[in-house]
Amino acid sequence: MATQIQEAKSTDTGNDDDDAAFRERVRAVLAANCSRAGERPGTIGDDDPEGVATAKAFQASLVDAGLAGLTFPTEYGGAGLTTRHLELFNQEVHGWYLPNMPLSISHGMCLPMLNQFGTPEQKARFMPDNISGATIWCQMFSEPGAGSDVAGLSTRATRDGDEWIIEGQKVWTSGAHYCDYGILVARTDSSQPKHKGLTMFIVDMRQEGVEVRPLRQISGGSGFNEVFFTEARVPVDWQLGDLGQGWNLAISMLMFERVSIGAGGGSGLNADRSPGLIQAARALGHGDDPVLRQGLADLWIREQIKGYIGQRIRTAVAAGRVPGPEGSLAKLNGSLLSRRVRDVSLAIAGTAAQAWDADDAQGDRWAMGCLSTAGISIAGGTDEVQRNIIGERVLGLPKEPDPYKGAAWEEIPRS
Ligand SMILES: Cc1cc2nc3c(=O)[nH]c(=O)nc-3n(C[C@H](O)[C@H](O)[C@H](O)COP(=O)(O)OP(=O)(O)OC[C@H]3O[C@@H](n4cnc5c(N)ncnc54)[C@H](O)[C@@H]3O)c2cc1C
């Protein structure tokens, strides 16, 4: 999976034979279904129907091999393995490009949220199909008037008997156009301060009342969308977590996202790029260029650091902790690293990054890798927002001033 951040029961597979057999099982799936990292750099969000079908087929191969939802409980469709297996899996995928980008939010964020905060009924109903890839999930936080300040969001949920009625608009919703379900944060009490009147819900994206409009990106793709809710309905037992606790859950989900972007297991968007780039530099005759070699060595070192940060966080998650500000460190580090990858890639590619033969199906890979880099420093909270969090929560600097602290949301002026 793109990012297997999961809870687990133990940290030991038991013995070395078990490790070797497990590694072999992972290698067989990779060899049969994946390409080497660098052959096809992942692009954030650009998911066409073919890419979605490929991701589902890849996930099916993981299910067949007993490798889907590695450490999630078997009763909810997981493989029920240990964090040791997860670490081995992540080591094995190093250097491969896994064709599972369309599942990254579904598995990297929505699945851990269901596992951590879902009721037993919600877990039984939703987790197995999520893990197998039969259903794909998106995350709906951002709005036109609430991005960095997501707690200021305006989408309303109003109770109507056994249902909630949703009215409002989300934006930048990655994958909404192919998703079956979404996790939504909506305002359930506007008389409360902005962080307090929010609740999280599971939403059926295929219902009437949910309209998804794709947005065109600089890369030419349409990976994310506007989503309009007009009397969309949510059964009351699809509320995730407690009423009014949406902000706390949103923070947990954002931390899963930040870890997923910045310290994932080394696949999909998180794949280490240096092995593929070293290969490409050699193939294009730049293997002896001293400046390029320095840049590649620097990348390799930083990817090792990213790996250690990820390992540390995954271990903490396995011990039952929701990632804290270290998620912001991981996200910021991943974002800065992706820019270095872009710069080294362009130096290797030269003119190939700007022009390619029309019949070369992979010809756009350098340009796409470059164009999708900007989004990484925005998605999941911008670099500036991560720096604010690190400043306040790690370094203990004073909090940002908020003139409306404690005021009811409905009394805060907005345009
Ligand atoms: C590729 C991609 C995928 C995404 N996918 C999703 C998704 O699936 N679901 C979803 O809900 N959202 C998604 N988003 C939205 C993303 O979370 C927001 O774009 C992000 O939180 C920033 O919000 P904004 O765009 O409204 O920018 P704004 O909040 O308007 O920020 C504008 C600028 O002001 C700066 N800024 C804002 N506040 C502060 C501050 N307090 N201190 C310092 N600087 C500040 C920001 O850093 C930024 O440079 C995605 C975004 C991208 C790029």
Side-chain angles (χ1 to χ4, degrees), residues 2-3 42-47 101-110 113 136-155 168-179 181-186 194 198 200-201 203 205 212 214-229 246-247 249-251 253-258 260-262 268-269 327-328 331-332 334-335 338-339 368-369 371-393 397-405 414-415:
T3 312
T43 55
I44 191 163
D46 293 7
D47 312 308
M101 188 82 75
L103 302 177
S104 57
I105 289 177
S106 206
H107 286 162
M109 300 165 63
C110 299
M113 288 300 288
I136 308 184
W137 292 55
C138 58
Q139 172 235 22
M140 295 178 286
F141 283 18
S142 305
E143 298 184 1
S148 299
D149 180 23
V150 71
L153 60 84
S154 306
T155 295
Q169 186 202 337
K170 297 290 173 179
V171 73
W172 316 126
T173 312
S174 301
H177 53 304
Y178 55 77
C179 280
Y181 295 98
I183 291 185
L184 168 92
V185 187
K194 64 179 179 181
L198 301 171
M200 191 172 265
F201 298 98
V203 177
M205 298 296 288
V212 176
L215 291 162
R216 180 66 67 184
Q217 292 157 217
I218 190 173
S219 58
S222 292
F224 46 37
N225 307 267
E226 296 176 298
V227 180
F228 295 87
F229 299 97
W247 178 246
L249 268 70
I251 292 287
M253 193 157 175
L254 284 169
M255 285 306 168
F256 283 127
E257 179 175 27
R258 286 163 192 169
S260 170
I261 294 175
L269 187 62
S328 294
K331 159 81 216 291
L332 183 60
S335 164
S338 69
R339 277 183 241 171
M368 291 302 112
L371 291 176
S372 57
T373 301
I376 299 172
S377 62
I378 302 171
T382 64
D383 289 359
E384 291 77 17
V385 165
Q386 307 313 325
R387 288 192 167 102
N388 281 349
I389 295 170
I390 293 164
E392 290 173 17
R393 295 188 52 199
L397 297 175
K399 274 186 151 325
E400 268 196 282
D402 177 1
Y404 299 105
K405 192 170 169 28
R414 61 185 57 79
S415 55

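Keep in mind that this is a model prediction, so the values were computed, not measured. Each ligand, and each atom within it, is numbered from 1 in the order the structure gives.
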Best match, S142, S148, S377, G380: closest heavy atom to atom 31 (O) of ligand 1: S148
Any idea which atoms of ligand 1 are less than 4.0 Å away from a heavy-atom of Q139? 7 (C), 8 (O), 9 (N), 10 (C), 11 (O)
Taking both backbone and side-chain atoms of E143, is any N or O found less than 3.5 Å from an N or O belonging to ligand 1? no
dist L153:CG -> L198:CG (nearest 0.5 Å) comes out at 5.0 Å
With a 4.5 Å limit on heavy-atom distance, are the side chains of M140 and M205 in contact? yes
Heavy-atom distances under 4.0 Å are what count here, so tell me which part of I378 touches ligand 1: side chain, backbone, both or neither. both
For ligand 1, which part of I105 has a heavy atom less than 4.0 Å away: the side chain, the backbone, both, or neither? side chain
State whether the shortest distance between N or O atoms of F141 and N or O atoms of ligand 1 falls below 3.5 angstrom. yes
Between OH on residue Y178 and CD1 on residue I136, distance to nearest 0.5 Å: 6.0 Å
Electrostatic pair D383-R339, nearest N-O below 4.0 angstrom: yes
Any donor-acceptor pair under 3.5 Å linking the side-chain atoms of N225 with those of T173? no
Looking at SG of C138 and CZ of F224, how far apart are the two atoms once the value is rounded to the nearest 0.5 Å? 13.5 Å
Which atoms of ligand 1 are found less than 4.0 Å from any heavy atom of G147? 21 (O), 23 (O), 24 (P), 26 (O), 29 (O)
So, does Q386 use its side chain to make a donor-acceptor pair with the main chain of G380 at under 3.5 Å? yes
May I ask you to check if ligand 1 and S174 share an N or O to N or O distance below 3.5 Å? yes
Out of all atoms in ligand 1, which are within 4.0 Å of some heavy atom of G375? Include the element for each. 53 (C)
Under 3.5 Å between some N or O of ligand 1 and some N or O of E400? yes
Provide the number and element of each atom of ligand 1 under 4.0 Å from a heavy atom of N388. 40 (C), 41 (N), 42 (N), 43 (C)
With rounding to the nearest 0.5 Å, note down the distance linking CZ in F141 to OG1 in T155. 12.0 Å
